[in-house]
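All values below come from the heavy atoms of this structure, side chains included, with hydrogens, waters and symmetry mates left out.
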Amino acid sequence: PLITLTVTDGRLDSISIEPANSSLAKGTTRQFKAQGSYDRSTVADPSSFSTLDITSFVTWSSGNTGVATITKTGLGTSVATGKSVISAAIGSVTGTTSLTVTEPRLTKLSVTPLYPIVFVSHDQQFVATGIFDNGSTQDMTRDVTWTSGSTIIATIDVLGKATGLGSGQSQITAEFGLAPNRVSGFTTLQVNAEPLDSISITPVGPIINTGTSQQFKAIGTFTSGSTQ
């Protein structure tokens with residue numbers, strides 16, 4: 001038996017873009033999706049569908065390419081802070097959404113080196129690296145507030161240089177911003193007493209007369225070469 005197949009074009013009523021009215025950090029990308037809504041009365045089988053993914057069939061454009069660009073597949077890239085209208089069109093039917101590009105937001109602080117060990121009276125320089133929501137990083141050593149959890153064990157200056165004062169551990173913290181948006185990072189500094197390598201006594205082989213005195217001086221030399 002012969003089977004007759006009739007194919008008709010559904011009439012595209014509107015186009016919606018997802019995500020709608022979104023924001024994006026500068027320097028990041030986002031995939032947009034276009035959904036086509038059809039007049040069910042013009043579709044051969046109205047029960048089969050009313051919307052379709054037409055992302056790869058529409059013509060994509062950005063109203064402000066200085067703020068954001070978009071590829072023919074709907075991949076948007078943020079260029080600079082500001083706003084742009086993202087459009088998807090087929091023929092005379094167009095769908096739009098707004099895209100706001102913001103400055104990257106600091107999400108994490110990484111403090112390095114991790115768990116260093118220094119001797120008493122020795123220094124350790126720390127580095128704070130900011131990690132942003134667009135994946136970028138920045139040296140923020142001079143921008144953060146540094147603190148030492150135990151100032152008996154170690155102190156730390158505004159540039160992140162810690163000095164060991166006594167044996168033990170101290171948590172070193174870097175903070176940026178104000179509550180509730182403050183971002184913190186930390187590590188632990190281990191301070192050990194420096195091993196003594198030798199002791200020298202001066203003067204060497206002095207000669208003194210009966211009834212007189214001689215002051216001696218003991219100088220300790222540590223394994224690092226420092227003396228005290």
Undergrad: List for me each residue that meets salt bridge (Lys or Arg N to Asp or Glu O under 4.0 Å) alongside Glu18, sequence neighbours excluded, and say none if there are none.
TA: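 For Glu18 there are no salt bridge (Lys or Arg N to Asp or Glu O under 4.0 Å) partners, ignoring immediate neighbours.
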Undergrad: Hey, can you pull the donor-acceptor pairs under 3.5 Å for the side chains in residues 214-221, sequence neighbours left out?
TA:
none

Undergrad: Per the side-chain hydrogen bond (donor to acceptor under 3.5 Å, both in side chains) rule, what does the pair list look like for residues 52-61, sequence neighbours excluded?
TA: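 The answer is Asp53-Thr55.
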Undergrad: What residues, two or more places apart in sequence or in another chain, satisfy side chain to side chain contact (heavy atoms under 4.5 Å, CB included) together with Thr212?
TA: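 Checked Thr212 against side chain to side chain contact (heavy atoms under 4.5 Å, CB included); matches are Ile208, Asn209.
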Undergrad: Return all side-chain donor-acceptor pairs below 3.5 angstrom for residues 103-114, not counting sequence neighbours, or 'none' if the list is empty.
TA:
from: Thr107; atom 1: OG1; to: Ile131; atom 2: O; distance (Å): 3.0

Undergrad: Which side-chain N or O atoms in residues 195-206 pair as donor and acceptor under 3.5 Å with protein atoms at least two apart or in another chain?
TA:
none

Undergrad: Does a sphere of radius 6.0 Å around CZ in Phe176 hold more than 12 heavy atoms from other residues, nucleotides or ligands, not counting ones at 6.0 Å or beyond?
TA: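 No, CZ of Phe176 has 12 or fewer neighbouring heavy atoms, counting only those of other groups under 6.0 Å.
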Undergrad: Mind checking what makes side chain to side chain donor-acceptor pair (under 3.5 Å) contact with Thr94, not counting sequence neighbours?
TA: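 Result, side chain to side chain donor-acceptor pair (under 3.5 Å) vs Thr94: none returned.
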Undergrad: Please, which pairs that meet side-chain hydrogen bond (donor to acceptor under 3.5 Å, both in side chains) have at least one residue in residues 157-173, sequence neighbours excluded?
TA: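 Only Asp123-Thr163, Ser148-Ser170, Gln169-Gln190, Gln171-Thr173 qualify under side-chain hydrogen bond (donor to acceptor under 3.5 Å, both in side chains).
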Undergrad: Which pairs pass side-chain hydrogen bond (donor to acceptor under 3.5 Å, both in side chains) with one or both residues in residues 69-93, sequence neighbours excluded?
TA: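 Residue pairs with at least one partner in residues 69-93: Ser62-Ser84, Thr71-Thr73.
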Undergrad: Please enumerate all residues that pass side chain to side chain contact (heavy atoms under 4.5 Å, CB included) together with Asn21, with sequence neighbours excluded.
TA: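 Asn21 satisfies side chain to side chain contact (heavy atoms under 4.5 Å, CB included) with Thr97, Ser98 only.
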Undergrad: Please report the interatomic distance CG(Leu99) to OG1(Thr96), rounded to the nearest 0.5 Å.
TA: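 So the CG of Leu99 and the OG1 of Thr96 are separated by 12.5 Å.
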Undergrad: List for me each residue that meets side chain to side chain donor-acceptor pair (under 3.5 Å) alongside Asp139, sequence neighbours excluded, and say none if there are none.
TA: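 Asp139 satisfies side chain to side chain donor-acceptor pair (under 3.5 Å) with Thr141 once adjacent residues are dropped.
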Undergrad: Decide if atom CG of Leu159 counts as having more than 12 heavy atoms of other residues, nucleotides or ligands within a radius under 6.0 Å.
TA: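 Enclosed.
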Undergrad: Would you say the side chain of Phe119 lies within less than 4.5 Å of the side chain of Val191, judging by non-hydrogen atoms?
TA: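 No - every pair of side-chain heavy atoms lies 4.5 Å or more apart.
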Undergrad: In chain order, what residues pass the side chain to side chain donor-acceptor pair (under 3.5 Å) check against Ser22, with sequence neighbours excluded?
TA: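 In terms of side chain to side chain donor-acceptor pair (under 3.5 Å), with neighbours along the sequence ignored, Ser22 is linked to Arg30.
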Undergrad: Please check if the side chain of Asn134 supplies one atom and the backbone of Lys26 the other of a donor-acceptor pair under 3.5 Å.
TA: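 Judged by distance alone, yes, a pair lies under 3.5 Å.
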